[in-house]
Amino acid sequence: MTTLSFYGAAGTVTGSCSLLETGAHRCLVDCGLFQGNKTVRALNDAPFPFEAKAPDFLLLTHAHTDHTGLVPKLMKQGFAGPIYATSATIDLLTFMLPDSGRIQESEAERSNRWRKRRNKPLIEPLYTEADAKAALERMVPVEYDEWIEPAPGFHARWGNAGHILGSASIEVKFQEKDNGNTMRLLFSGDLGPDEKVFHPEPGGEQGFDYIICESTYGDRERADYTLDGRREALRKELVAGLERGGNIVIPSFAVERSQELLHDIGVLLANGDIPKATVFLDSPLASKVTDVFIKHAAHLEDVEVPNAELFRDPNFRITRSVDDSKAINDIKGGAIIVSASGMADAGRVLHHLKNNIWRPECTVLFVGYQASGSLGSIIQSGKSDVRIHGKDFKVSAAIRTIGNYSAHADQSELIDWIMERAPVAGGLFLNHGDNDARAELRRLLGERGMDVGSILMPEFDESFDLTAGTPKSKGRTAPRIEQAALERDWYNDYAAFMLALGNAMEDDANEGKRKEILAALKDTLAKG
Ligand SMILES: [Zn+2]
């Protein structure tokens, strides 16, 4: 019997992890970190729902943390097989995984300081920098479009997914143990948009028994844009920002987004489309990742500067040391500062916001998705004060957003990708998307002639028997989380309630009400 289990990214977009068991082989595809609300993040500490030593090998679609961030934990718990990924993915992970290990260590340290003060038991980091480095030792590079045979009779091939450097969809084929038939599966990984700098569009193969496709933007269409249109939007913002006289701070993801921005800003500078400005890339991880892009420059598409000059514009300052970074604090105007993290919830960008956000001549420019609750989303929402590193700052800078940088295919691009690969003999699984996104994508695929009965929306920890025809659910084996909590947990409700309560208490027009509200709450608590 051939079984496929979804141990992450089912009804959510993080923690990607699928286990394929053929009877002869156990193949794990991705092993990602859970990100999101408290309940979802707690899954990182929970035991894997399968024995960590059970998979024979691990195949990675791309370097993003939500697809790779639990690999060191998997190894710590006994996984001993090889890890296959494209060489660009491994080069990115060489910096990203140890960085993630350091973050885990410092989060545990911070939590333990708090725990010591309250006499609570201390915790271990999820994994350390050393664990992450050990995982890198296990990685085996693969070439795009070339079959490998990780175990006798089991074949795998990586094809371009156009999402980030090194990203791939992974095709696997093997003979079914029971009947000797060859079965072919395709794991999409994360798919990139059509108009994406650096990467070509994915090619289309057909004849699959099963396709497992991401559905992040299954219910959303982006406004059409071209690479030139996107650069024009950036040009307008940079010209306006430099005219204001202050600095422009751009919170940016370290991987790919920072390099896209540097490339676009470099082209604008070279063409004289924006005034001369010093451009800082201030993020230790982004600097190292930029070197990986330079290494792989020959494979990048749409690059409009000679490879030898990529990211080496004389106006660029890529900071390497803390002192280089601190020196930026003295610059009061005319600098473009690209810095991580992209949602401004950690990293060096916080220093640049502290130095610039209260100055009306400065600009904060958002170029990526800001999750609700992140500092980025709070600044974007138009708050007049924000708290950074425990201090209050007035928001006087111009707060601007351009929304057309994206690493994900939108609704019609997902539909096109799937239709190019149809018909699918056994079934199409939609994962890596919330339920609304998946349901809408399924409905639209039905309109395009696909049989909706064979389009499945696997639940978290659900397994399917793939042996004959349309996959049959084997149910959820000891599910680790309620499906509904993936999108909203008690802590989200608690945070929203506390915010509303705080606002009610601060409302001077409501003087008489305050006591009433507190008395009613006290009453409820007393009733237990
Ligand atoms: Zn991704």
Side-chain angles (χ1 to χ4, degrees), residues 6-18 28-36 40 44 58-71 83-97 99-100 144 158-170 186-202 212-218 220 222 252-261 285-286 289 292-293 296 300 340-343 367-371 405-411 413-414 417 429-434 437-438 441:
F6 293 86
Y7 292 132
T12 173
V13 294
T14 70
S16 277
C17 183
S18 308
L28 197 65
V29 179
D30 288 343
C31 190
L33 194 78
F34 291 98
Q35 299 159 318
V40 172
N44 292 321
L58 167 61
L59 316 179
L60 297 178
T61 59
H62 66 292
H64 273 152
T65 306
D66 62 323
H67 292 255
T68 60
L70 285 186
V71 173
I83 303 166
Y84 297 94
T86 63
S87 60
T89 294
I90 296 175
D91 287 342
L92 289 172
L93 288 174
T94 301
F95 302 110
M96 293 169 70
L97 270 191
D99 189 70
S100 176
Y144 279 111
W158 279 247
N160 165 51
H163 173 58
I164 63 162
L165 184 69
S167 68
S169 301
I170 304 177
L186 178 65
F187 293 86
S188 73
D190 286 358
L191 295 170
D194 291 346
E195 284 282 334
K196 176 85 174 66
V197 74
F198 297 149
H199 312 297
E201 282 179 49
I212 299 91
C213 185
E214 70 122 323
S215 52
T216 314
Y217 286 124
R220 268 171 282 174
R222 264 189 313 268
S252 171
F253 302 109
V255 181
E256 189 104 359
R257 186 64 42 81
S258 291
Q259 292 73 32
E260 287 175 282
L261 281 168
L285 181 61
V289 166
V292 177
F293 273 73
H296 291 271
L300 302 179
S341 75
M343 298 194 209
V367 294
Y369 176 72
Q370 305 297 311
Y405 283 84
S406 175
H408 275 279
D410 70 2
Q411 183 180 68
E413 289 162 341
L414 283 172
W417 187 90
F429 292 96
L430 299 177
N431 72 343
H432 203 286
D434 65 29
R438 300 195 290 177
L441 191 57

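Keep in mind the model is a prediction, meaning the values are calculated, not measured. Residue numbers run from 1 in the order of the sequence given. Ligands are counted one by one from 1 in listed order, and the atoms in each one are counted from 1 as well.
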K.L.:
With 2.8 Å as the threshold, which protein atoms of type N, O or S lie near the Zn ion (ligand 1)? Leave waters out.
P.N.:
His62 NE2, His64 ND1, His163 NE2, Asp190 OD2
K.L.:
By the definition side-chain contact (heavy atoms from CB on, under 4.5 Å), identify the one residue from Ile212, Asp30, Asp66 that meets it with His432.
P.N.:
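Among Ile212, Asp30, Asp66, the one that satisfies the side-chain contact (heavy atoms from CB on, under 4.5 Å) with His432 is Asp66.
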K.L.:
Among Leu261, Val289, Leu92, Ile164, whose side-chain contact (heavy atoms from CB on, under 4.5 Å) with Glu256 holds?
P.N.:
Ile164
K.L.:
Please verify the inter-ring angle class for His64 with His163; under 30° counts as parallel, over 60° as perpendicular, anything in between as tilted.
P.N.:
perpendicular
K.L.:
Would you confirm whether Thr61, through its side chain, and Ala168, through its main-chain N or O, come within 3.5 Å as a donor-acceptor pair?
P.N.:
no
K.L.:
Do any N or O atoms from the side chain of Glu214 and from the backbone of Ser188 form a donor-acceptor pair under 3.5 angstrom?
P.N.:
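Pair absent, no side-chain N/O of Glu214 close to backbone of Ser188.
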K.L.:
In terms of relative ring orientation, are Tyr217 and His408 parallel, tilted or perpendicular, with 30° and 60° separating the classes?
P.N.:
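Judged by the thresholds at 30° and 60°, the geometry between Tyr217 and His408 is perpendicular.
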